[in-house]
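Notes follow once the structure below has been shown.
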Amino acid sequence: MRLQAPRGTSDQLPDDQTYWDLVRGKAAQVASTFGYRRIETPMFESADLFERGVGSTTDIVEKETYTFEDRGGDMLTLRAEATAPVCRAYLQHGMHSLAQPVRMFYVCPVFRYERPQSGRYRQHTQFGIEVIGEADASIDCEVIEVGWRYLEAVGLSGLTLVINSIGDAECRPAYVELLKAHYSPHREEICEDCARRIDRNALRLLDCKNAQCQSFIEDAPASADNLCADCESHWEDLRRYLEETGIEYQIDHRLVRGLDYYTRTVFEISPPEEGRMVTIVGGGRYDGLIEQLGGRPTPGIGYGMGLERVIQNIQRQEVPTPADDRARVMVVHRGDAAKTAGVRIASQLRRDGIAATLAPPRGMRAQMRYAASSGATHAVIIGDDELAKDVATLRDLGASAQSEVPLAELASALLT
RNA sequence: GUGAGCGUGGCCAAGUGGCAAGGCGCCAGGUUGUGGCCCUGGAGAUCGGGGGUUCGAAUCCCCUCGCUCACCCCA
């Protein structure tokens, strides 16, 4: 095989589109039900945006971006995540002067240079939402609910919602010190990565997967137990509101997230896979991000959802996809005059709003085969007999029944 | 970045040193103008690529590329 799609990318073939239509259509539908409006930002941004927004020491920025210099000498980065670009757009277009909060959603490709594996690609598609300009916990609850209702809407079940609060600029520093103090005496007993994390990114100590570190994680102080008064009441509010939605949640003190900008609420939604649970949705509050990007202090919260993972789970759970029961017609013809008439009839059917295709110029048997394998619901058969009478033979391929229909009545016969 | 498994027509796949099976799909037929089932025929292969061993390599050895899975990280 000489030419193929670049590593970690894939083609979304015609046969795959049933899923993509479902997954994209429901995204727009559910998001707009909650009052979110679509935003689309460029596929690439100034490299600077992701460094400042996502955090220059995160893995994403450190080793996973597609960064390049364009012909004019600017350093650009393919969209490595969508929150920072949306915040950039919020600032650039003065959305702070709109009624707050501003609710937006997007479905867009995201690029990260990673080693591909199941559910992880170098180009993947995210359905995400962002609410900017309101810090109240009811918004946190709403954002979580959008993600949850969406996954319900596409037909997934058995999902798990996990939440946590990691505090804010007020209380997190003290908590991080507490964590470091918990770990420092054990530097020799934990894994190498964790030893490094103590100084570099202490929060990440909590999601280490190594066996030797598990007992330290168990005994570690929890961020949610060490919140300042404001964060504490925000955390309580969130849980109270969540109860009102009827969505079940678990609190996981080990849930921290990989992007630097998160504050207070963080959450994930995962499918019911035994063994490894690959997160479908990950999100959280980012009250410091807008300011980090040069705006006035403005709260925000959102999530990102991997649509390839959603589709993977739809397939695993064998969720039925909606069938398209509209008529699709194959115009089958015999003889030159009939072929010419077929061109005319197919054209007219389309103008009448019916999907119609002219069968390829082969024997009738082959044309009928083509009709069947193309998924056509009906064959409109034209030959000299029909031409003479100004009718067509309309064959219902599902029912294997046919009758002659005057050409003028074809469309109405197909629309009933 | 680390580790493991795997690369044979479009897809699935047999073949483990001696003429590259088979199935699906595709194309054409099975006497008058009709799909799905059945039957017949046909097209389609640098056996991922390069090098080596050998009289002879899809098969053994080396290198390389790719795919998949796991770690890491993340959606």
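In what follows, chains are A, B, ... by sequence order, proteins preceding strands, each numbered from 1.
Going from atom CG of Asn313(A) over to atom C1' of rA75(B) covers 12 Å, rounded to whole Å. Look at CD on Glu114(A): it is 13 Å from C1' on rC71(B), rounded to the nearest Å. Protein atom CD of Glu81(A) is 8 Å distant from nucleotide atom P of rA75(B), rounded to whole Å. Atom-to-atom, CZ of Phe50(A) to P of rC73(B) comes out at 21 Å; the value is rounded to the nearest Å. Atom P of nucleotide rA75(B) and atom CG of Leu255(A) are separated by 11 Å, given to the nearest angstrom. Taking atom CZ of Arg334(A) as the reference point, atom P of rG33(B) lies 4 Å away to the nearest angstrom. What separates CE of Met364(A) from P of rU31(B) is a distance of 16 Å, to the nearest Å. Computed from coordinates, the Leu78(A) CG to rA75(B) P distance equals 17 Å when rounded to whole Å.
Nucleotide rC71(B): paired with rG1(B) (Watson-Crick or G-U wobble, both distances less than 3.5 Å). Across all strands shown, rG25(B) remains unpaired; no Watson-Crick or G-U wobble contact has both distances below 3.5 Å. rU59(B) is unpaired under the criterion used here, namely a Watson-Crick or G-U wobble arrangement in which both key atom distances are under 3.5 Å. For rC37(B), there is no paired base (Watson-Crick or G-U wobble, both distances below 3.5 Å). Base pairing of rG17(B) is not made with any nucleotide, judged by Watson-Crick or G-U wobble geometry with both donor-acceptor distances under 3.5 Å. Searching all strands for a Watson-Crick or G-U wobble partner of rG66(B) with both distances below 3.5 Å returns rC6(B).
Residue contacts for Val281(A): at a heavy-atom cut-off of 4.0 Å it reaches the sugar-phosphate backbone alone, with no base atom in range. Nucleic acid contact for Leu397(A): base, since at least one base atom lies under 4.0 Å from a heavy atom of the residue. Residue-level contact check: Ala379(A) touches neither bases nor backbone, having no heavy atom under 4.0 Å from any strand. Thr125(A) comes within 4.0 angstrom of no nucleic acid atom, judged by non-hydrogen atoms across all strands.
Rounded to whole Å, the separation between the P atoms of rG41(B) and rG23(B) comes to 11 Å. When the P atom is compared between rC67(B) and rC26(B), the two are found 29 Å apart, to the nearest whole Å. Rounded to whole Å, the P atom of rC19(B) lies 10 Å from the corresponding atom of rA58(B). Nucleotides rG48(B) and rA57(B), compared at atom P, are 15 Å apart to the nearest Å. Look at the C1' atom in both rA45(B) and rC55(B): the space between them is 25 Å, to the nearest Å. Rounded to the nearest Å, the gap between the P atom of rG33(B) and that of rC38(B) is 25 Å. rG3(B) and rC72(B) have their P atoms separated by 15 Å, given to the nearest Å. Separating the C1' atom of rG52(B) from that of rU40(B) is a span of 46 Å, rounded to the nearest Å.
The phosphate of rA75(B) (OP1 or OP2) has no side-chain N or O of Arg122(A) nearer than 4.0 angstrom.
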Dump every N/O contact between nucleotides 67-69 of chain B and the protein below 3.5 Å, one line per pair.
unit_1	atom_1	unit_2	atom_2	d
rC67(B)	OP2	Arg7(A)	NE	2.8
rC69(B)	OP2	Ser118(A)	N	2.9

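Looking at the side chain of Met368(A), the nearest of the listed nucleotides rG35(B), rA75(B), rG33(B) is rG35(B). Distance from the side chain of Arg395(A) is smallest for rG36(B) among the nucleotides rG36(B), rA75(B), rA28(B). Listed nucleotides rC27(B), rG33(B), rA75(B) differ in distance to Arg362(A); the shortest reach to its side chain belongs to rC27(B). Listed candidates were rA75(B), rG33(B), rA28(B). Nearest to the side chain of Asp385(A) is rG33(B). When distances run from any side-chain atom of Thr393(A) to the nucleotides rG36(B), rA75(B), rU34(B), the shortest one goes to rU34(B). Of the candidates rG33(B), rG36(B), rA28(B), the closest approach to any side-chain atom of Arg369(A) belongs to rG36(B).
For rG33(B), the base has a donor-acceptor partner in the side chain of Glu386(A) [N/O atoms by modelled type, under 3.5 angstrom]. With hydrogens and angles ignored, no donor-acceptor pair closer than 3.5 Å exists between the side chain of Gln367(A) and the base of rU34(B). With hydrogens and angles ignored, no donor-acceptor pair under 3.5 angstrom links the side chain of Ser373(A) to the base of rG36(B).
Of the possible donor and acceptor atoms, none in the side chain of Tyr36(A) sits under 3.5 Å from a partner among the backbone N and O of Tyr106(A). A donor-acceptor contact shorter than 3.5 Å is absent between the side chain of Arg309(A) and the backbone of Ile280(A). For Arg122(A) (side chain) and Pro6(A) (main-chain N/O), no donor-acceptor pair under 3.5 Å exists by modelled atom type. Although no hydrogens or angles enter the test, the distance criterion places no donor-acceptor pair under 3.5 Å between the side chain of Arg334(A) and the main chain of Met364(A).
Applying the salt bridge (charged side-chain N to carboxylate O under 4.0 Å, His left out) criterion to Glu45(A), with sequence neighbours excluded, gives Arg88(A).
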Would you check, one step at a time, whether the test side-chain hydrogen bond (donor to acceptor under 3.5 Å, both in side chains) holds for Tyr249(A) with Glu243(A)?
CA-CA 9 Å; Tyr249(A) 62 89; Glu243(A) 301 288 347; 2.9 Å; yes
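For the residue pair Thr65(A)/Glu51(A), the side-chain donor-acceptor check at 3.5 Å is not satisfied. A side-chain donor from one of Glu130(A) and Tyr286(A) sits under 3.5 Å from a side-chain acceptor of the other.
Separating the CZ atom in Phe216(A) from the CD atom in Glu189(A) is a distance of 4.0 Å, to the nearest 0.5 Å.
The one candidate from Asp136(A), Asp168(A), Asp140(A) that meets the salt bridge (charged side-chain N to carboxylate O under 4.0 Å, His left out) condition with Arg264(A) is Asp168(A).
Comparing Gly306(A) and Gly383(A) by the nucleotide of RNA chain B that holds the closest heavy atom to each, the one mapping nearer the 5' end is Gly383(A).
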